[in-house]
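Reminder, nothing fancy here: chain letters follow the sequence lines and each chain counts from 1.
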Amino acid sequence: MDLTFITTNNSILIVLVSLLKILIVLLPLLLFVAYLTLAERRIIGFMQLRKGPNVVGIFGLLQPWADALKLLSKETILPTGSSKIVFVIAPMLTFILSMVAWSVIPFSETFVISDINVGILYLFAISSLGVYGVIMAGWASNSKYAFLGALRSAAQMVSYEVSIGFVIVSVLLCVGSLNLGDIIEAQRNLWFAIPLFPMFIVFFISTLAETNRAPFDLPEGESELVAGYMVEYSSMSFALFFLGEYANMILMSAMTSVLFLGGWLPLFDIAPFNYIPGPIWLMLKISLCLFVFLWVRATTPRYRYDQLMRLGWKVFLPFSLFWLVLTAGFLVYTGNTPNLY
Amino acid sequence: MIISLFFYLFSFIIVSCAVMVISSRNPVHSVLFLILAFFNSGALFVMLGAEFLAMMLVIVYVGAVAVLFLFVVMMLNINYSQIKDGFQKYYPIGSLIGLILFIEIILMINGDNVLVSQKDSLTNNVPNTHQIGAILYTDYIYIFQISGLILLVAMVGAITLTLRDRPGVKKQNIIDQNARKVSDVITIVKVKKNET
């Protein structure tokens with residue numbers, strides 16, 4: 001996994017190494033996405049005392065491939081009266097954005113595609129762009145269901161971004177750097193999930209809202225909006241939305257792991273634990289977060305829209321602001337503010 | 001060589017997007033081109049080495065402001081021909097503003113007293129997030145706070161303008177609901193047998 005030993009000025013080699021790194025990250029990610037869809041159906045099945053898809057392959061392991069083939073063989077439909085170019089771009093945008101964000105996630109001490117100074121801001125920026133895929137899809141479809149879904153989604157994602165921003169700032173106060181590697185390194189002794197536990201919860205619930213997952217899946221609300229912003233999509237454009245949504249879930253879980261669960265750090269830095277390499281630890285933590293995502297979906301009813309807005313603006317925003325001031329005050333009082341220079 | 005190639009690529013995209021913003025027929029397409037222009041100016045900031053500003057530009061303008069623009073433009077029922085009618089009226093004032101901006105840019109490029117010279121900002125190894133923080137929260141703290149206050153006043157103003165207290169609207173009040181006790185709402189009445 002360690003590719004940093006190749007340090008050279010040859011620009012062609014740098015490009016090749018970067019491409020190789022991108023492949024190393026993206027291929028397992030797409031597999032992860034494919035099997036996340038299976039895991040979701042199986043886990044929710046078990047929670048509801050059903051079996052879930054278990055027929056295609058052993059334990060249903062070939063089900064994602066069957067689904068992919070089915071979607072590929074369907075006809076792509078462009079609705080009349082739709083804005084064609086925007087309609088086609090929207091699913092691509094969702095999918096691309098969910099992929100490019102992985103460029104700053106550190107997988108081990110040395111392996112990260114792009115180790116930039118403002119990594120966490122980059123992640124925040126990319127995740128805030130995700131709303132465009134949804135709005136563009138909803139508007140371009142020229143359908144009322146899709147449009148309503150898009151409006152709901154836009155308002156929801158903008159609202160919950162605010163509290164995500166405050167949570168990120170309070171983590172940054174403890175670290176003193178925007179670099180994701182530094183954020184993980186700062187958690188070597190204690191994961192931030194423990195001292196910043198309330199913020200951890202706020203962040204996790206906000207990521208549920210940010211990815212339009214249950215109990216905040218109003219943009220798709222099948223009981224009132226059929227399928228929300230993706231009503232008019234079929235075939236591969238639908239598949240791209242689907243992949244993008246699940247890749248976003250994995251990305252948000254990775255963000256949670258990096259900010260609060262110590263990223264690639266082992267559970268304890270002692271013998272049996274630190275034999276396991278960093279990427280495996282990161283994957284385990286991501287899987288844990290994803291399991292909670294699915295667990296929440298299987299057990300909670302959908303929020304009503306006014307309740308969703310109330311939770312975002314009247315509960316999370318004041319609470320995270322309060323906790324931010326508290327964190328800053330505590331750091332200054334105990335003299336633990338990070339040393340910058 | 002590659003750097004200047006990228007610079008011209010991004011600048012070309014920005015300029016052509018800016019042209020499309022004012023020339024495209026559909027206002028939603030205009031806003032989408034505006035977003036693309038914002039995004040590419042972010043790329044130019046990255047090329048300057050100002051990665052913090054680039055990310056802030058994307059988060060604030062693209063991630064929040066432009067979403068609201070798009071929101072408003074989609075919801076409005078705009079009559080395109082009506083807008084096109086009065087367009088020529090604005091040519092003189094528009095070109096005047098454009099001329100002033102152009103002169104300002106030329107003054108900035110030729111003048112010696114450019115606020116921060118490029119050499120100062122790029123030579124040392126301190127990340128520019130720290131540099132901005134060190135200047136913004138010390139030397140310019142009052143200006144910074146005042147700009148925050150102005151935004152707050154604008155927000156309060158917008159809310160007071162739109163807030164109406166309509167009678168007869170049913171609202172869920174969580175505190176009221178939680179404060180409800182069984183004794184407040186249910187009274188147990190003993191019904192006697194064989195009495196009418």
Within a radius of less than 6.0 Å around CZ of A:Phe241, do more than 12 heavy atoms belonging to other residues, nucleotides or ligands occur? yes

Crowding at CD1, B:Ile93 (>12 non-hydrogen neighbours, <6.0 Å): no

With a sphere of 6.0 Å drawn around NZ of A:Lys144, does it hold more than 12 non-hydrogen atoms of other residues, nucleotides or ligands? no

Which members of residues 60-70 of chain B, sorted by number, sit under 4.5 angstrom from chain A on a heavy-atom basis? B:Val62, B:Gly63, B:Ala66, B:Val67, B:Leu70

Are the side chains of B:Ile59 and A:Glu161 in contact, using a 4.5 Å heavy-atom criterion? no

For A:Leu151, which atoms come within 4.5 Å of any heavy atom of chain B: side chain, backbone, both, or neither? both

For the residue pair B:Met74 and A:Ile135, establish whether any side-chain heavy-atom pair is separated by less than 4.5 Å. yes

Separation between CE (B:Met55) and CD1 (A:Ile126), nearest 0.5 Å, reads 7.5 Å

Check whether more than 12 heavy atoms from other residues, nucleotides or ligands sit under 6.0 Å from atom CZ of A:Phe330, and answer yes or no. no

Give the member of A:Val158, A:Leu129, A:Ile85 that has the highest number of heavy-atom pairs under 4.5 Å with chain B. A:Leu129

Honestly, the part of A:Leu121 sitting under 4.5 Å from a heavy atom of chain B is both

Could you walk me through whether B:Ile174 and A:Gln307 satisfy the side-chain contact (heavy atoms from CB on, under 4.5 Å) test, starting with their C-alpha distance in whole Å, then the side-chain angles of each, then the deciding distance to 0.1 Å, before giving a yes or no? CA-CA 10 Å; B:Ile174 305 277; A:Gln307 292 171 331; 5.6 Å; no

May I ask you to check whether over 12 heavy atoms, not counting those of A:Tyr303, lie within 6.0 Å of atom OH? no

Non-hydrogen atoms of A:Ala154 and B:Phe71 that approach each other most closely: CB-CE1, 3.6 Å

Which portion of A:Ser83 sits near chain B, non-hydrogen atoms under 4.5 angstrom: side chain

Does atom CG of B:Leu152 have more than 12 heavy-atom neighbours from other groups under 6.0 Å away? yes

Do B:Glu51 and A:Ile116 come close enough that some side-chain heavy atom pair is under 4.5 Å? no

For chain A, which residues of residues 33-45 of chain B have at least one non-hydrogen atom nearer than 4.5 Å to it? B:Ile35, B:Phe39

Under 4.5 Å from any heavy atom of chain B, what part of A:Asp306 do you find: side chain, backbone, both or neither? side chain

To the nearest 0.5 angstrom, please state how far the CH2 atom of A:Trp139 sits from the CG atom of B:Leu32. 7.0 Å

